[in-house]
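Only one structure is covered here, and it is reproduced in the block below.
Residues take their numbers from the sequence shown, with the count starting at 1.
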Amino acid sequence: MRYDLVIFDNDGVLVDSEPISNRLLAGYLTELGHPTSYEDSLRDYMGAAMHRVHDLVLERTGRRLPGDFDDVFHGRVFAAFARELEPVPGAVEVLEKLAADGVAYCVASSGSHERIRVGHRKTGLDRWFDDGRIFSSQDVGRGKPAPDLFLYAAERMGVAPARCVVVEDSPLGVQAAVAAGMDVYGFTGMTPAAGLAGATRLFGDMGDLADLLVP
């Protein structure tokens, strides 16, 4: 393995949550008088922390979202996760391979700690991620595209940034990894290759990732 640490994004990389959460986000924003399509949500918010939703709505409309926006949205998301969420095809096989080879890995997500854990419990991925392997934008001051979250994860895992590789599926995540001085493998499962410009390499099947990481 050419890297000492594999840092996974969560939504869209480990759990197939992006279609669910962006459908619900677009619907809720539209309900509140901010017309948003599913495609708009993917473009503007995929891979981002919740503060980006608040910031962009305020910037564009001059209106703040309701104080309970995050709680209501997450309630809807968690209910949908309970019905629909699945692991990304191939993710379990990658984790099994990394664990068998003794390669360090963790997750660094724009989602909250609660969101990460809810998704992992539903999909069975919790067996691969104890608390010491889970990092959230809640742990740092700025979410992606700032590099803070990835740098924090690397520091906590005791690995230099140059020895890390990030697995990402969003433009914001790729930007954050590049800014952190890390290689980044862009997963094109939902995002076209052109949207992941700057990635070290691109791949379209999560089941292929372990082999791609080997020199």
If I take atom CE from residue Met46 and atom CD from residue Glu39, how far apart are they, to the nearest 0.5 angstrom? 13.0 Å
Under 3.5 Å donor-acceptor pairs involving side-chain atoms of residues 69-83, not counting sequence neighbours:
| from | atom 1 | to | atom 2 | distance (Å) |
| --- | --- | --- | --- | --- |
| Asp70 | OD1 | His54 | NE2 | 2.7 |
| His74 | ND1 | Asp70 | O | 3.0 |
| Arg76 | NH1 | Glu31 | OE2 | 3.0 |
| Arg76 | NH2 | Glu31 | OE1 | 3.2 |
| Arg83 | NH1 | Ala79 | O | 3.4 |

Is there any salt bridge (charged side-chain N to carboxylate O under 4.0 Å, His left out) pair reaching into residues 164-173, and which pairs are they, with sequence neighbours excluded? Lys144-Glu168
What's the separation between atom OG in Ser17 and atom CG in Leu24, rounded to the nearest 0.5 Å? 11.0 Å
For the residue pair Ala193 and Leu202, what are the closest heavy atoms and their distance? CB-CD1, 3.5 Å
Do Met50 and Val57 sit in the same hydrophobic cluster, where Ile, Leu, Val, Met, Phe, Trp and Tyr count as joined when their side-chain heavy atoms come under 4.5 Å apart? yes
Give the cluster check for Leu172 versus Phe8: same hydrophobic cluster or not, with ILVMFWY residues linked at side-chain heavy-atom distances below 4.5 Å. no
Any side-chain heavy-atom pair of Val167 and Val6 under 4.5 Å: yes
Donor-acceptor pair, Thr36 side chain versus His34 backbone, under 3.5 Å? yes
Pairs of donor and acceptor atoms involving the side chains of residues 84-104, under 3.5 Å and at least two apart or interchain, shall be tabulated with distances.
| from | atom 1 | to | atom 2 | distance (Å) |
| --- | --- | --- | --- | --- |
| Glu84 | OE2 | Arg23 | NH2 | 3.2 |
| Lys97 | NZ | Asp101 | OD2 | 3.3 |

Show every donor-acceptor pair shorter than 3.5 Å between a side-chain atom in residues 173-188 and any protein atom, with sequence neighbours excluded, or say none if there are none.
| from | atom 1 | to | atom 2 | distance (Å) |
| --- | --- | --- | --- | --- |
| Gln175 | NE2 | Pro171 | O | 3.4 |
| Asp183 | OD2 | Tyr3 | OH | 2.6 |
| Thr188 | OG1 | Phe203 | O | 3.2 |

Shortest non-hydrogen contact from Leu14 toward Leu125: O-CD1, 3.5 Å
Tell me every residue that passes side-chain hydrogen bond (donor to acceptor under 3.5 Å, both in side chains) with Ser110, counting only those two or more places apart in sequence or in another chain. none
Hey, can you pull the donor-acceptor pairs under 3.5 Å for the side chains in residues 150-165, sequence neighbours left out?
| from | atom 1 | to | atom 2 | distance (Å) |
| --- | --- | --- | --- | --- |
| Tyr152 | OH | Arg156 | NH1 | 2.6 |
| Arg163 | NE | Asp4 | OD2 | 3.0 |
| Arg163 | NH1 | Arg2 | O | 3.3 |
| Arg163 | NH2 | Arg2 | O | 3.0 |
| Arg163 | NH2 | Asp4 | OD1 | 3.4 |

Is the backbone N or O of Arg115 less than 3.5 Å from a side-chain atom of Ser112, with the two atoms forming a donor-acceptor pair by type? yes
Honestly curious: do Tyr45 and Leu65 fall in one hydrophobic cluster under the side-chain, below-4.5 Å linking rule? yes
If the condition is side-chain hydrogen bond (donor to acceptor under 3.5 Å, both in side chains), which residues does Asp16 pass it with, not counting sequence neighbours? none
Quick one: salt bridge (charged side-chain N to carboxylate O under 4.0 Å, His left out) partners of Arg43, sequence neighbours excluded? Asp40
Mind jotting down which residue pairs meet the ring pair (Phe, Tyr, Trp, His ring centres under 6.0 Å) criterion with at least one end in residues 102-125? Sequence neighbours excluded, please. Tyr105-Phe129, His120-Phe129
Tightest non-hydrogen contact, residues Ala108 and Ile7, listed as CB-CG2, 3.6 Å
Taken to the nearest 0.5 Å, the spacing of Asp205 CG from Asp208 CG works out to 4.0 Å
If hydrophobic clusters are built from ILVMFWY residues whose side chains come within less than 4.5 Å, do Leu42 and Ile20 share one? no
Quiz question: by atom type and distance under 3.5 Å, do the side chains of Ser109 and Asn10 form a donor-acceptor pair? no
Nearest heavy atoms of Met190 and Pro19, plus distance in Å: SD-CD, 3.7 Å
Listed partners of Arg64 passing salt bridge (charged side-chain N to carboxylate O under 4.0 Å, His left out), at least two apart: none
Residues which pass salt bridge (charged side-chain N to carboxylate O under 4.0 Å, His left out) with Arg117, listed by chain and number, not counting sequence neighbours: Asp131
Rounded to the nearest 0.5 angstrom, the CG-OG distance for Asp11 and Ser170 is 9.5 Å
Short side-chain to backbone donor-acceptor contact, Thr123 and Val15, under 3.5 Å: no
For Ser137 and Gly143 the tightest heavy-atom approach is CB-CA, 4.4 Å
Asp55 vs Leu58 side-chain heavy atoms within contact, under 4.5 Å: no
Can you tell me how far apart CG (Asp44) and CG (Asn22) are? Round to the nearest 0.5 Å. 10.0 Å
Do Cys106 and Ile134 come within less than 4.5 Å of each other through their side chains, counting heavy atoms only? no
Short side-chain to backbone donor-acceptor contact, Asp139 and Phe135, under 3.5 Å: no
Which residues pass the salt bridge (charged side-chain N to carboxylate O under 4.0 Å, His left out) test with Arg142, sequence neighbours left out? Asp148
